[in-house]
*Asks:* 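For reference, the structure I am asking about is given below.
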Amino acid sequence: MMESAFGLPPDGAAADWTIEQNWSRFTADEHAVWDRLFERQSRLLPGRASTAWLRGLEVLRLSKPGIPDFAELNERLGAATGWQVVAVPGLVPDAVFFEHLANRRFVAGNFIRRADQLDYLQEPDVFHDVFGHVPLLSHPVFADYMQAYGEGGLRAIEHGAINRLARLYWYTVEFGLVRDGGGLKLYGAGIVSSYGESMFALDDRSPNRIGFDLRRVMRTRYRIDDYQQNYFVIDSFDDLLRQTIETDFAPLYAELAALPDIEPGTIVAGDRVLSRGTQAYALEKAGA
Ligand code: PHE
Ligand code: FE
């Protein structure tokens, strides 16, 4: 993910913020954290994650024990779609993030959470970035979407509209659901890399599940500190790619600037509601 502060890369990083993965530096304990996370998620995700995501996991042989060695991973990923994973110390500035995506490079945090942080961590680590995001980068259509998103990001900077575009990322790449095999399936990296949310997003009665609509999504605020209150459902990756590349976002940004934001958890006129949530989880958390 990205952060807004612009600055120089930290000591030891290249001008594009990348660093060597230096895979041999990871300790046995760090590899064991990956293995525990992997094992937990791979028990949960068959039947829940989208066919494309599950296939990516196989194609890339991510089940091999330990934190993946990017040199090896990149051979398989490159052969599938031409994407590469590159290591960075942590969050990078927006423009750097977009520039990498536009060139089919996905940046991954070069650290792993501690064993006492299996369930939650705010900053994306190598488990979130690689297990969550990389399987779908082996899918040709999703691969093109991510590149187009990076190009769109560079344009959004010029239009002062990064926040709109960040919402699109959030509700697709991070927390998206897709119609798949007659039901809803997970594809968002924030969901598939989370033990709790992989169940909550599909099974809980609390959140709304709403048909994806580009304008609607760009108007919807999101929460970064807890499970989502709305999930947006795409019909297919082809449809997502087509809608986003066929729309010129510049007039859209101008049009949306005049409209109010939509709060998480709210249903508005025109929504294609697939399941209306009770919001019980969010209400309880808010202490109501
Ligand atoms: N079509 C978008 C634009 O005009 C670019 C884009 C494509 C953004 C795909 C996101 C995803 O800026
Ligand atoms: Fe992410």
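Only a predicted model underlies this, so the values are computations on that prediction, with no experimental measurement involved. Nothing fancy with the numbering, it's 1 onward along the sequence. First listed ligand is number 1; within each ligand, the first listed atom is number 1.
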*Asks:* Would you verify whether the NZ or CZ of Arg164 falls within 45 degrees of the ring axis of Tyr253 while also being under 6.0 Å from that six-membered ring's centre?
*Replies:* no

*Asks:* Any N/O of Leu165 closer than 3.5 Å to an N/O of ligand 1?
*Replies:* no

*Asks:* With distance as the sole criterion, is a donor-acceptor pair present between the side chains of Thr220 and Arg216 under 3.5 Å?
*Replies:* yes

*Asks:* Tell me if a side-chain donor or acceptor on Ser138 pairs with a main-chain N or O of Ala80 at a distance below 3.5 Å.
*Replies:* no

*Asks:* Is the ring pair Phe97/Tyr169 parallel, tilted or perpendicular, if the boundaries are 30 and 60 degrees?
*Replies:* perpendicular

*Asks:* Considering the heavy atoms of Tyr145, write down every atom of ligand 1 situated less than 4.0 Å from one of them.
*Replies:* 11 (C)

*Asks:* State the atoms of ligand 1, each with its element, that fall below the 4.0 Å cut-off from a heavy-atom position in Arg155.
*Replies:* 3 (C), 4 (O), 12 (O)

*Asks:* Please determine if Tyr149 has a nitrogen or oxygen closer than 3.5 Å to a nitrogen or oxygen of ligand 1.
*Replies:* no

*Asks:* So, Trp23 versus His31, ring centres under 6.0 angstrom or not?
*Replies:* yes

*Asks:* So is Thr247 polar-close to ligand 1, meaning N/O to N/O under 3.5 Å?
*Replies:* yes

*Asks:* Nearest protein heavy-atom contact for atom 6 (C) of ligand 1: which residue, which atom, what distance?
*Replies:* Ala148 O, 3.7 Å

*Asks:* Side chains of Tyr281 and Asp226: donor-acceptor distance under 3.5 Å anywhere?
*Replies:* yes

*Asks:* List ligand 1 atoms under 4.0 Å from Asp248, heavy atoms only on the residue side.
*Replies:* 4 (O)

*Asks:* Nearest 10°: the angle subtended at the Fe ion (ligand 2) by His128 NE2 and His133 NE2?
*Replies:* 90°

